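Below is one structure; the comments refer to it alone.
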Amino acid sequence: MQQISDYLFMGSLILLVVTLLFKGLGSTGASNASGNIDLQMQQNHRSDLVKQDSIISRIYKSYFVWISIAGIVISIVISKV
């Protein structure tokens, strides 16, 4: 039972990391898509905040994030039993 819990935890953790990479960084890249530097960010602050909020909402609405979190919780419960 412990081995099943370990595999479920590792699989869920890998799914969570991959999902966060694709949903978060995959859509906009590691830096700003428009290449904003500090001076430009002061002018486009509202648009940068809107982009950031849309990334967070995409991650929050993703089924894979919730499946991986549920898998992690289930594996912890299984290991305690």
Side-chain angles (χ1 to χ4, degrees):
M1 200 68 152
Q2 183 67 29
Q3 191 174 15
I4 293 171
S5 173
D6 291 342
Y7 285 135
L8 180 61
F9 183 82
M10 289 305 295
S12 298
L13 191 63
I14 289 170
L15 178 64
L16 180 65
V17 169
V18 168
T19 303
L20 290 176
L21 284 175
F22 281 120
K23 289 287 183 179
L25 293 178
S27 60
T28 60
S31 63
N32 282 338
S34 59
N36 288 341
I37 56 174
D38 288 338
L39 294 175
Q40 291 174 336
M41 283 182 70
Q42 291 175 356
Q43 296 172 357
N44 299 329
H45 188 65
R46 179 176 292 285
S47 66
D48 289 337
L49 288 176
V50 169
K51 287 178 189 175
Q52 187 178 19
D53 288 341
S54 67
I55 292 170
I56 292 171
S57 66
R58 263 193 312 239
I59 290 171
Y60 181 73
K61 292 178 183 178
S62 173
Y63 289 114
F64 290 120
V65 170
W66 293 110
I67 290 170
S68 61
I69 290 173
I72 290 171
V73 170
I74 291 169
S75 71
I76 291 172
V77 169
I78 289 173
S79 69
K80 297 293 181 183
V81 171

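Note: hydrogens, waters and symmetry copies are ignored here, and every other heavy atom, side chains too, is used. Residue numbers run from 1 in the order of the sequence given. As the structure is a computational prediction, the values presented were derived from the model and not from experiment.
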Exercise. Hey, does the side chain of Ser68 reach the backbone of Leu13 with a donor-acceptor pair shorter than 3.5 angstrom?
Worked result: no
Exercise. Transitively linked via ILVMFWY side-chain contacts under 4.5 Å: Ile76 with Leu16?
Worked result: yes
Exercise. Mind checking whether Ile74 and Met1 sit in one hydrophobic cluster, side chains of I, L, V, M, F, W, Y counted as touching below 4.5 Å?
Worked result: yes
Problem set entry | Residue pair Ser79 / Ser5: nearest heavy atoms and the distance that separates them | CB-OG, 3.5 Å
Seminar exercise, completed: Residue set satisfying side-chain contact (heavy atoms from CB on, under 4.5 Å) with Phe64, at least two apart, ordered chain then number -> Leu15, Thr19, Ser62
For this session: Only one of Ile72, Ile67, Val65 passes side chain to side chain contact (heavy atoms under 4.5 Å, CB included) with Ile69; say which it is.
Result: Val65
For this session: Check the hydrophobic clustering (I, L, V, M, F, W, Y; side-chain heavy atoms under 4.5 Å; chains of links allowed) and say if Val73 and Leu8 are grouped together.
Result: no
